[in-house]
Every structure is written in structure tokens, then in C-alpha cells.
There are 4 protein chains.
Amino acid sequence: MGLHRTDLAMEANASHGQGELPGVQVQQEDFGAVGRTTVRILDQRGAQALGRPCGQYVTLTCDQFAKPDTSLRQALSARLAQALVGMLPGAGDVLVVGLGNRRVTPDALGPRVVDDILVTRHLRDAVPPALQGRLRAVSAIAPGVLGITGMETAEMIRSVVGHVRPVAVVAVDSLAARESDRICCTIQITDTGISPGSGVGNHRLGLNRDTLGVPVVAVGVPMVVYAATIAHDALELLIQDLRLEDGDHQQALDALVSRVVSQRLGDLVVTPRDVDALLEHMAAILATGINAALQPHLDQWEIPQLMQ
Amino acid sequence: MGLHRTDLAMEANASHGQGELPGVQVQQEDFGAVGRTTVRILDQRGAQALGRPCGQYVTLTCDQFAKPDTSLRQALSARLAQALVGMLPGAGDVLVVGLGNRRVTPDALGPRVVDDILVTRHLRDAVPPALQGRLRAVSAIAPGVLGITGMETAEMIRSVVGHVRPVAVVAVDSLAARESDRICCTIQITDTGISPGSGVGNHRLGLNRDTLGVPVVAVGVPMVVYAATIAHDALELLIQDLRLEDGDHQQALDALVSRVVSQRLGDLVVTPRDVDALLEHMAAILATGINAALQPHLDQWEIPQLMQ
Amino acid sequence: MGLHRTDLAMEANASHGQGELPGVQVQQEDFGAVGRTTVRILDQRGAQALGRPCGQYVTLTCDQFAKPDTSLRQALSARLAQALVGMLPGAGDVLVVGLGNRRVTPDALGPRVVDDILVTRHLRDAVPPALQGRLRAVSAIAPGVLGITGMETAEMIRSVVGHVRPVAVVAVDSLAARESDRICCTIQITDTGISPGSGVGNHRLGLNRDTLGVPVVAVGVPMVVYAATIAHDALELLIQDLRLEDGDHQQALDALVSRVVSQRLGDLVVTPRDVDALLEHMAAILATGINAALQPHLDQWEIPQLMQ
Amino acid sequence: MGLHRTDLAMEANASHGQGELPGVQVQQEDFGAVGRTTVRILDQRGAQALGRPCGQYVTLTCDQFAKPDTSLRQALSARLAQALVGMLPGAGDVLVVGLGNRRVTPDALGPRVVDDILVTRHLRDAVPPALQGRLRAVSAIAPGVLGITGMETAEMIRSVVGHVRPVAVVAVDSLAARESDRICCTIQITDTGISPGSGVGNHRLGLNRDTLGVPVVAVGVPMVVYAATIAHDALELLIQDLRLEDGDHQQALDALVSRVVSQRLGDLVVTPRDVDALLEHMAAILATGINAALQPHLDQWEIPQLMQ
């Protein structure tokens, strides 16, 4: 992933200061402990300004990590479900794709969510009578990453989509954030899918309506900040503070940033110490929200009952 | 899987007693701690007698569980590599498929082996100079099971094969054995692929040249015996011992077997207590053997060096 | 563990038929999906008849495996908490001990429960104001097993008890049951602690008031049946059915049982295929129940909030 | 742990520049891919200058992460064994202690090493004839961390030492390094034990001859750098480059460093993305080295054979 990449539309917008950009609508709401920022990129002016495609970007935030089984977790799941319902077709098969590498903790969010998705597509002809007419067909796959499979992830998903023929795809991924205080405290949902080159897993091809032929809703959670980003930010803050603005200094700074960043911090990531536990909590929140969105005709207590 | 299913050709053959069957060739060899039984089913007579398709079945056995990093492990890996080389085309892309469910320990062998396969297909245009001309293109996938993905495993593999276009598939699976002393002590390699309905994971469609269009070599290790099999065997032994052969008794027995077996032992499996550790050891043996077979131009010490 | 060992007092009592034993009181109640059997062994006659020490044995049962986050789980947790409150002193430090081997799935229940216990003893001088006077001091340890540590588990616990000086110990352990339909569907709570030689982990020394100097409440869940038990039971059923009661047959049978059982089934255990998932569910139920019993002054939603 | 803490004696010495310090001896050697720095702190002058107790500090370094089963791994294990043999008594019981939290990946090194230690103390009266007179008594424990157990780790180890009465303790721990390029590439072995407050797990009491009454050899591997350290270093580099040395600027800088570091980077750590895999490799290297040092009368291939 690029060094300066901003993965959250909310962050991109914030970096433009207070004034609203042309072609961009922003709405901010608070629901107790959960905040919601909705960024709508309406046209090419907005797309260029924020460096991402036209569409809707909902970002849910909270101030603390979600602990097990709390009201905060329920609130996040419910808001996630609400956002998904607003972006997905109301009926038809859905395929949930968990991107990332199961064996690299901060990149394992997608596969872990897939583990807890209520999968129903295979029941088609064997739905128990009590559930008849109430189950939406859902399938799920965690395709792995290029270095593990030797196959382009997007190609593999394309062939699965060709086989399953869903009306929409929900793609879950770990993100690299710009700000360290976003880690594990933020969920971004967007109807624009996943752009090429984004994400911790660095997928070369995008996953979106253009590449898959069906709408793709992406759900992402920042799990890391690259160490290089942290160093870069520290240096930029310093530059501002010292008001070093003449050209000479700036050049020295740029060189220094490159040196520190590329030579010493290459592939290092910054995570909370207890990222293993936070990953589990976040995966549970996402799976609960996605299951609720995809199975509106099931009562909440029925979903865990039906899990294998 | 069926109750009386015999997963090892070697067992099937043994159950026919000493005399050789028409249409079947059997060869038994000993290499120190490792034994090798090669069963060749030559024609339809043999196929019917043993209840499996024509082809070659190599079974490697040892008397004790393989411990970490021992000469026994190396011997098993080397014999596995040898058997695979004899069954696979000498060049061209190979796809390794790990069948089974990663979250059910005795069914996780396939996915665990895939984790340790040296995957090279994606390096095509980026092979380091020192390796030029020495790497065979290998890709790998653990597609999950129907209940987790909602998709027929065989269908999913078919679409991946359509995309990757390998010259052969190596499919790794956990088996259910007939004899408890086969568990984790036996590796079966066959060029007939995987038949419908076999294996712990109970795949509905087969994986073989007919369904995939390319040769499929299956590598399987018995990880469980069904509890019902154990009970059934105990009862049969008793019948033999008591020489209860008149019809009345036999009927009572059959009824009893059905009752015990179906009502009380349904989905229970018999495993060694330390199946978690044995699975890790067996996965390492299989991955080492498969990597050696697929990369004959690499020195043994180079393969771990190249792993991600 | 001994072959014929019965780990549940309920099973031991049931095997004596309908009539009540002298020195034993049995009470059976139903609470919807959860059943509760309370066996009180009042004196030596009862202790001899049931082969276990005087004291109270509460067994909670349900007909199906507990799925994630369901009302059945909540009911089991609540009944467990109730039983514990009845057996533990009302105040003072409590030490929770998780017995078993974390790396052997069916033996990992104790360590997994300990992972989810709310530990508070170290907060003594740093309790947040909002919790002042509401936290009971709890510590927890998973001491491992003899083969992993080289130390007698009971000795290690004794030295920890000498250091922590709790008023009571709660010891959690995996059990081997007599009946396969008890696996993962039963919780036994007893104020007699753990007897020498019981349990999957086969602890040589007991954990009880005699050895530790403080009351020990044991919480156990059957996670396996030994394969030998299954075979033995199948044979006994057969004997009954065939009414083979003359001496000759009986002798042949006994010999057969020994042969089948000791030669072929030694260390094999019978478990459900999805024991990994069931273990997680059961660990969550136990931890929730134990936390609720030990922290009666906390609201239910506060406990997860306080977990690390 | 303190922000500026340097965990490696080698780093502490290096930060003093080229000249040798009084009371300190430093020796540097190269063995192919493995480098070895031996720092001997001879007296109080040296102890003060380097901020750590008198004793011997051996640091093994390599330029790349160790991959599975390579000659580099074997070289590191062998050098580790050699250093341990030089610091431990030649005979008598040894207790291996794995410090840290098994559920926090970068802090799990100690517990993971303990999993792979050959434990023999419990065999005392049951040593197989072929091993008689060749086994040193070894026990092992992973005591957990304060937040998980509610007990001071050092207190718990003290009571275990009182029970086991070893002649020496080997304590394994994850460290936080000063330099990001030390992560997973460095092993430090010291006969001074573990000082209070050091390590990722932040143990309040030290583990050394003073607190335990027997020699303590500590084996540590840097698994993280605190994010704050990275930011701090970036800023210091910048200061040097810009030659901002007058007082005003320096004050502004100090304030900035504090602000960036304490408000935004609190508990964040920097690790390689694939720390899960690196942890496994490093645990295997350490366990192999420790086993070899403690069992010099066993051939190398016998040790894995004897593992449970």
C-alpha cells in the first residue's frame, strides 16, 4: 500500500479543513457512544478532491475499543446492519467475501468474519419448515491472499461470482489507517467496493461493480497504521511547530522522511498490544451486523441457533 | 459417510483374506520403519471387488505416531514425494487443494497442509535470477466445506481449475479409517482422485479426471474412526468368538447393532487424545513431501528459505 | 483414568435403579430446557454405594449442545452461578484453578475458562471509585499438566494457595463420562472437590479440603467418553439382549472385552466432530456463571466491560 | 515499560560511541550469518554507565528473520546452547520459566517456548533404561501475567522455586527493543536475570539471584518497538539533521515529543506484519537451544523423539 494512503473517506475529507468541498456532501450524527459520518461523493469534482470513486461512505466511530458483549458492541452491530440494508438490494443471493490472510493477525479480519456468517445457500431444497420463506440465500468465502494461493484474489472471486451468481457482494477487509486512534474503533461501509491497491492485504485488482458485474459493498476496519506513517506524521507536526517553511529546510526534511521511512520502517506496522483480542471482538461485531442485515426475517436469537 | 465405508484400498484388500483377487495386484515392501503397500486395480473385476475405481493406491504405514523432526518423519516425506513423482506429470502448473474444515481439528489436515505449500505461480514474471528455470508453478487453495461456504466444494474447485488451468491437481484430505490403529500412522496416495461421498468432510461430488478434466492425485490420512465403527467391530468380534451363527441370533444382533450405532453414536468420532499435535506433525510431513515432489530442482534447504 | 470410572454422581446413582439408596438423597427438577439433579451423599453408606465422598453433587443437563449467545446458554450460566453461590463462602478471596492441558482440545476446558475469568485480586489498592466495595478479590491460574511442567499439579496449586490464601478454590476440569450423550451437555458442580485419579487429565493427587486446607468446589463438564467405554457398553448391551448368563459365556465375554479394549482402544477418545467449537461455547458458559457467582455486586453488563 | 528504556546491553553500549567505558569489556565476533557481542559489566562504574547490573550479556544477531528449518536456525540454536552452557551450573534440576501473556502475540514468546521444552523432572523414578543416567531433571512453567492471574508473577515463581528447589532458573521473555531492526533478529542471554520493570510484560519485581535465591539466566528476544520510540527517534534524527541546537528550539522540540508520544501513541507497538509466524520460528529456535543446553547427554535426534 502507498505510504500516504488514506483509507477512510472521513479522514480524507477532514484533511481538507472546515469548508465543504464541491461535489461532496458530509453529514455527521451522534448516537450516544457511536458516531456516524456519511460522506457522499456526488461527482467527478468530489472524486478528484478526495481521491476515491463516487458513492456513499458511512463511517461508524466510537471512542474506545469494544469489549465483549456490551451495549457498545450491540450499537455498532445495529448501525452496521442499518448501513448495509441501505446499500444492498432487498432480495436475492448475497456472497460475503473475507479478504486478507488468516495467519497474519491484523490482516485476518475478513477470514474471521466469514467464519461467523450464517451461510444458507446450500439449504435451498432443505430449508426446515419453520424457516420456509424466511431465509435469504447467503454464501461466503475467504479466498486467501496472492502469496499464499498463487492466484490473484480478484480473479478467484470473479470465478466464484460466475458460479454463484449473487445479486451483490459484501467484501470485508482490514485497513491501514492514517491516524492511530482509528485502529479498531472505526468501521467504514461503502457502496463503491474495494479500490485497487488499498487495504493491508494490498489487492492488485479492485473488487467493484466494474470488475465483478454486481454491486460490491465493502466493510473495512483499520487494524494497523504503518510505522512509516507514524514517523512521517511526527515529522510533519514538527515542521508545523517550528514553522520551517523556506525551501532549503523543506528539501532536507523530505530527504530525511524518505530515509527514515524507507530504510528503517519498511514493512513494520503499528498495532495495539492486544490486537489478537480486539480482532476477535471486531469480527464478532461485523458478523453480527452482516447477519442481521442479510436475514431481516429472522429474530436475533434465531441466528446463533442456526450457526453450525 | 457410510458406516461400513473402508477408506483405504489396503484395508479393503486385506478384508478379502490371503488369496489375490482377480484384476488386482498387490505389492508389499518394507523400508525400515516405513512399510509400503501398492494396490493396483487393473480392471472392472478388481474395481467391483474392492469397491473403488481402477488405478494405483500406495499406502505408507508406520507403527508409531511421527514425532517432530525425526528420521521417521523424513522417511515418510521422502516416500510420499517418491509416490507423487510417479503419479504426476513431469512438468506444468500444479494446483494443490486442501479439503476439509479448518475449524474442526480432525478435518483440518487439508487446509493445514496448504498453509505450508511453497506457492510460486504468482512469481512467474518475478522469479529471482538464482531460481530462474528451477521453479515449477504451484498454486494452492483451501476452499472450505459446504456448510461454511454454501457452495459445493467440487464446483468451486472446478471454477478455480478453469481459471488456473493446471496440468494436475493434488488433493489432500482427512479420512475416516476402518481400523483405529491406522489413525495418524498411514498415508494413502492414489491417482484416482477423490470419490463422491468419501472422507471426513463428506464431499458430495468427486474430484477426479472426469469432473475436473485433469489428473487428480489424492493424498489422505486417516484422522478418525467413527465411534459406530468401533462398536460395530466389537460386536462382530463377539459374534465370531461365541460362534453364534444360527439365524435367530443373527437377526437379534443386527437389530442391536443398528440400535446402538444409530441412536447413540451418530456423529461421534474416535481420535487420539493428542490429535491437535498429531495433526501438526502430519501436516508438516505432507507439506514437506509435496513440496519436494513439486520442486525437484530446488535443494531441500532452499524450500523453507523461500516460504513466506 | 480407570476404564469403568463413572465421573458423574448422577450416572452412578442412576446405575442403581429406581429405589433410593440409604445415605443418599436425590432431587430432580426441570427448568424448561435445563434439568437439575441434586445428589446428596449423607454418610458412609451412601459414599460406599456411589463410590465417592460425602457431599453435594449438582448436575445440570440439557438435551442439545449450547449454541452461541442463546437463552439456553444464559439459563445454564445462571443455574451454574446459583449452585456455586450455594456452595461457596459469601465473602473472601477466591482462587479459580483451570485444570487440564491447553493444547489437547478436549482437555483444554479449564485453561480456557480461566482466560475469561474476571481477575481482581491485583486491583486491591487501585479499585476505581465507581467499583469501590463492590469487587470480590479473585485470582486465577491454569497450572498445566504433569507431562508439560514436570511438577505435580496438586503440589503447584498447594504452593499457590499458600501464597494467595483464598477462602475457597473453584476448580474447573474436563471429565470423561460414562454415557456418550452427556458430552458437552452436562455440568457437574460439587463441594467435594476433585478426587485423585479422576478427570481426563488424570491428576494423581486430589484437590479438596484435606489437601488444600480450604473448601474446593469442582466444576466439570464431560468432554469425552473413552473409546473403550463405548465398546464395553456395546458388548454389555448384547449380553443383556441375548440373555447369555451361564458362566462359560460370561468368561469368554470378559476375556473378549479385555482384549478389544486394552489392545486396540488404549488412549483413544470419543468426541463430537466439532469439539473445538463446543469447547469454546462451554468455556463461555462456565466463565459467565463463575464470574456472576463471584461478583454478585456487579451488574451483568459490567463484567465484560471490566475484562482485559 | 519506560519510554526510553534500552533492553539490550549491546544497544546501551553502542549509544556510548566508540570508546570503551571503564568497568565494561566488549567483545565482538562473527560466525558466518550469526554475530555475537559479549558485554561484561565488571564493576559499579560499568553498571552505572550502562544502567544495568554487573554480569555477562551475550547478544546473538543475524541480518534476516530466521525461516523454518534452515542452517541459520540451527546456527542460532547452537550459539544459544553454547552461551547457556557457559552460564548454568553443570548439573542439578533446572526450572524453565516462560514469562508473558500467551494471548498477546508479541508477548507470547515465553509461554510458546515452554510448550516445546523437554520436561523430565517427573520421570525421576520412571526413566526408561536406555536413558538412565543421561537425563537432567527439567521442569517448566508459564505463570501468566498479573492482569490474567491476579498474582505477582515473581511471587508465584518464588513459591514454585520453593517447591521444585532447582539449582538454576532459565527465564524466557519478549523484549521491547530500541531499534526496529533488532526485532526477531536478536537473542540476548544474560546471567543477571530479569530486572524489575523490564520486558514487554512489565514485571514489577525482578527475577534474579537476590529474589529467587538461585542463579537466573534470562533469554530475551525483542518482539516489538514501542511506537513512541519510533516517533521519538524520527524527531531526534531531524534535530540532528537540521542542527537546531539553540535553547528555544530544543524546548519546543521536547514539548512536541511529549505531546506526540504520550497523547497519541500510548500503548501502541510496532511489529513486523507477520509477527505470528516469526514468533513460531523464534520459539522453535529458543526451545531447541535450551533443550540442547540442558540435555547434553542426549543426541540431537533423541530430544524430539522424547517430546510428548
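Below, chains carry the letters A, B, ... as their sequence lines are ordered, and counting in each starts from 1.
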Exercise. Do D/R158 and C/H163 pass the side-chain contact (heavy atoms from CB on, under 4.5 Å) test, and can you show the C-alpha distance, the side-chain angles, and the key distance before you say yes or no?
Worked result: CA-CA 10 Å; D/R158 190 142 66 188; C/H163 169 57; over 6 Å; no

Proximal component of [X], with respect to chain D [non-hydrogen, under 4.5 Å]:
{"X": "C/T149", "result": "both"}
{"X": "C/R124", "result": "neither"}
{"X": "C/L123", "result": "neither"}

For this session: Evaluate the criterion side-chain contact (heavy atoms from CB on, under 4.5 Å) for residue pair D/M151 and C/R121; output intermediate values, then yes/no.
Result: CA-CA 7 Å; D/M151 294 174 248; C/R121 179 175 173 275; 3.9 Å; yes

Exercise. Around C/R134, counting heavy atoms of other residues, nucleotides and ligands shown, do more than 12 lie under 6.0 Å from its CZ?
Worked result: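 Count over threshold, so yes.
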
Exercise. Mind checking whether D/H122 and C/E152 have side chains closer than 4.5 Å, heavy atoms only?
Worked result: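 A side-chain contact is absent here, since even the closest heavy-atom pair is not under 4.5 Å.
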
Problem set entry | Closest-packed option against chain D by number of heavy-atom pairs under 4.5 Å, given C/P143, C/A137, C/S139 |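 Going by pairs under 4.5 Å, I would pick C/S139.
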
For this session: Check D/I148 against C/V119 and note the closest heavy-atom contact, atom names and distance.
Result: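 Scanning both residues, the minimum pair turns out to be O-CG2, 3.0 Å.
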
Problem set entry | Among D/G162, D/G150, D/S159, residue most engaged with chain C (heavy-atom pairs, under 4.5 Å) |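 That would be D/G150.
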
Problem set entry | Largest heavy-atom contact set with chain C, pairs under 4.5 Å, which of D/D115, D/V164, D/I117 |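 Looking at each of D/D115, D/V164, D/I117 in turn, D/D115 comes out on top.
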
